[in-house]
> 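Questions regarding the structure given below will be posed in turn.
The structure displayed is predicted, hence computed values, not measured ones.
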Amino acid sequence: MTSTSDASQPAGDTGAAYQCFDLLATLVAVVRPDGTCEFANTAVETLFNLPRRAVQGSNLLEWFTDTGRLVEALEEVSRNAFSSSRFDATIRRGPRTHDDLLPVHVIVSQTEDPQRLVIELIENAQQTRQDREERNLDQVHATKELTRNLAHEIKNPLGGIRGAAQLLALELQPTARWAELEEYTEVIIHEADRLQSLVDRLLAPHRRAQVVGDVNIHEICERVRSLVQAQYPRGLTLQRDYDISLPDFRGDREQLIQAVLNIVQNAAQALQARIATGDALIVLRTRVARQVTIGKQRWRLALELHVEDNGPGVPEEIKDRIFFPLVSGRDGGSGLGLTLAQTIAQQHQGMIDCDSQPGRTDFRITLPLP
């Protein structure tokens, strides 16, 4: 990557010269040959959750777990031994040492000023994640259409079955088997009603018109938190980690409460064993994201709501299907909660994805901001 900045430009104007890098989703920094950062784009701010002024002036060597290869690349490119250098490395996103490490592909490139180099960091998992998100969106759209059509096809026969069972019950004559036969018709009516309820839940997000208004994500989180805390008063800790700078946005408050509630309740149900021992934890974390792509559309700003728990994780055999209807990881589950939550998120031009391993499951709701 080569910049066209003027070598005679004073350092104070570096930010203006490199503002085009803010349009990139990858992490880009302009540095001196010793690694001192002169400019960092918005993707860097988002990843490190730091304001740009805190990153600029720091040394990028502090980001890397192994600085040797970077030092070598900076030296070689600055003295024009190579026009660019590429290598794989691991960077730190915070003070912790396990889940704050990020594998990246590093590209060090020249500019017209030999004292200024461009470093581009590409997450190794970024392209894989984007491909997975696009594939999930296509699958969800196809599943949504199939579900709607199937639900409508089921409704008419269900009505006929229920009506026939009611008529049959009226025709029964008092005989030795009258009570037994009446019980059979009641079972038919009851099961028809249960299936009707299931169909109504599948169609609910498509039937109800959105009631759009100003929404605050933290009011939604607090409402869900109070509901779940009342349901699990002991053994479960619901922890807040909010970015209070997030602005309001336009959306359907009740639908979004339902979406978040479905995810948090799923997490609580997965934590039953830990609730029994008193160390179950769910964290509600909000963050701002910049230059986000959702469903092939680019957004300058988005909010991320993470619902993270310390449960056993999503079973491996259903990880790729958890947002499909009737797919559930627990006995007795309807498999509709996450499907409805994903549908609601998509109606708000957002999406939900999941990162899960034993001991940590993170559902991330991403919604665009104005």
Side-chain angles (χ1 to χ4, degrees), residues 15 18-29 37 39-56 58 63 91-96 99-100 102 104 121-123 125-126 129-130 133 212-225 238-253 255-257 259-260 263-264 282-308 341-342 344-355 360 362-370:
Y18 295 109
Q19 279 183 350
C20 59
F21 290 142
D22 285 336
L23 301 176
L24 299 178
T26 53
L27 294 88
V28 178
C37 180
F39 173 84
N41 72 346
T42 53
V44 173
E45 287 185 277
T46 300
L47 181 73
F48 289 94
N49 194 29
L50 289 171
R52 187 174 306 185
R53 63 180 179 274
V55 178
Q56 293 173 175
S58 65
W63 301 2
I91 61 173
R92 300 183 181 91
R93 288 186 289 181
R96 293 180 294 176
D99 56 350
D100 287 285
L102 180 68
V104 294
L121 305 176
I122 304 172
E123 296 181 43
Q126 181 175 347
R129 185 174 64 246
Q130 289 179 352
E133 288 176 357
V212 178
D214 289 334
V215 176
N216 184 290
I217 191 62
H218 299 126
E219 289 180 0
I220 290 173
C221 290
E222 286 301 292
R223 174 72 181 278
V224 170
R225 183 177 177 276
L238 282 159
Q239 182 178 312
R240 308 176 182 94
D241 182 5
Y242 296 160
D243 180 351
I244 59 174
S245 68
L246 281 168
D248 291 354
F249 61 98
R250 302 289 289 176
D252 187 317
R253 184 174 181 273
Q255 279 194 353
L256 290 169
I257 288 174
V260 178
I263 293 173
V264 176
I282 296 176
V283 180
L284 299 175
R285 178 180 297 111
T286 60
R287 293 291 184 267
V288 64
R290 294 176 174 84
Q291 303 300 337
V292 175
T293 300
I294 307 174
K296 301 180 183 179
Q297 185 172 355
R298 189 74 173 271
W299 300 91
R300 187 177 65 87
L301 287 175
L303 72 83
E304 290 184 351
L305 169 58
H306 296 260
V307 179
E308 185 177 319
Q342 185 72 277
I344 291 169
Q346 288 185 349
Q347 288 175 344
H348 288 78
Q349 297 181 290
M351 74 170 301
I352 306 172
D353 59 86
C354 175
D355 177 26
R360 179 183 174 274
D362 180 14
F363 280 89
R364 181 182 62 175
I365 305 172
T366 307
L367 299 173
L369 290 173

> Enter the distance from Trp299:CH2 to Ile294:CD1 here, rounded to the nearest 0.5 Å.
7.0 Å
> Closest heavy-atom contact between Thr366 and Ala302?
CG2-CB, 4.0 Å
> Would you indicate whether Arg250, at its atom CZ, is surrounded by more than 12 heavy atoms from other residues, nucleotides or ligands within a distance under 6.0 Å?
yes
> In Å and rounded to the nearest 0.5 Å, what is the CG to CD1 distance from Leu305 to Ile220?
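These two atoms lie 8.5 Å from each other.
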> Which of these, Arg285, His218, Glu222, sits in a side-chain hydrogen bond (donor to acceptor under 3.5 Å, both in side chains) with Tyr242?
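Going through the options one by one, the only one that passes is Glu222.
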> side-chain contact (heavy atoms from CB on, under 4.5 Å), that's the test. Do Ile344 and Leu256 meet it? Break it down for me.
CA-CA 7 Å; Ile344 291 169; Leu256 290 169; 4.2 Å; yes
> Pair Val307, Leu284 - check side-chain contact (heavy atoms from CB on, under 4.5 Å), show working.
CA-CA 5 Å; Val307 179; Leu284 299 175; 3.9 Å; yes
> Identify whether the distance between the nearest side-chain nitrogen and carboxylate oxygen of Arg287 and Glu304 falls below 4.0 Å.
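Looking at Glu304 together with Arg287, the answer is no, because their closest N to O distance does not fall below 4.0 Å.
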> Could you tell me whether the side chain of Val224 reaches within less than 4.5 Å of the side chain of Ile257, counting heavy atoms only?
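In short, these two side chains touch, coming nearer than 4.5 Å.
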> Could you grab the distance from atom CD1 of Ile365 to atom CD of Gln342, nearest 0.5 Å is fine?
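Here the rounded value is 9.5 Å.
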> Atom CZ of Arg300 and atom CZ of Arg290: how far apart are they, to the nearest 0.5 Å?
8.5 Å
> For the side chain of Asn41 and the backbone of Thr26, is there at least one donor-acceptor N/O pair under 3.5 Å apart?
yes
> Within this structure, what is the CZ-OG1 distance for the pair Arg240 and Thr286, rounded to the nearest 0.5 Å?
11.5 Å
> Run the numbers on Leu246 and Leu369 for side-chain contact (heavy atoms from CB on, under 4.5 Å), then give the verdict.
CA-CA 9 Å; Leu246 281 168; Leu369 290 173; 3.9 Å; yes
> For the side chain of Arg225 and the backbone of Leu238, is there at least one donor-acceptor N/O pair under 3.5 Å apart?
yes
> With a 4.5 Å heavy-atom cut-off, do Val44 and Leu121 have their side chains touching?
no
> Side chains of Val264 and Phe363: does their closest heavy-atom pair fall under 4.5 Å?
no
> State whether the side chain of Arg52 and the backbone N or O of Glu45 hold a donor-acceptor pair below 3.5 Å, judged by distance alone.
no
> Can you see which heavy atom on Ala29 is nearest to which on Cys37, and at what distance?
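The pair with the smallest heavy-atom distance is CB-SG, 4.3 Å.
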> Check whether any side-chain N or O of Asp22 sits under 3.5 Å from a backbone N or O of Thr42 as a donor-acceptor pair, and report yes or no.
yes
> To the nearest 0.5 Å, how far apart are CG in Leu367 and CG in Leu301?
13.0 Å
> Does Arg364 pair with Asp353 as a salt bridge, N-O distance under 4.0 Å?
yes
> Do any N or O atoms from the side chain of His348 and from the backbone of Asp252 form a donor-acceptor pair under 3.5 angstrom?
yes
> Please lay out, stage by stage, how Asp355 and Arg360 fare under the test side-chain contact (heavy atoms from CB on, under 4.5 Å).
CA-CA 8 Å; Asp355 177 26; Arg360 179 183 174 274; 3.3 Å; yes
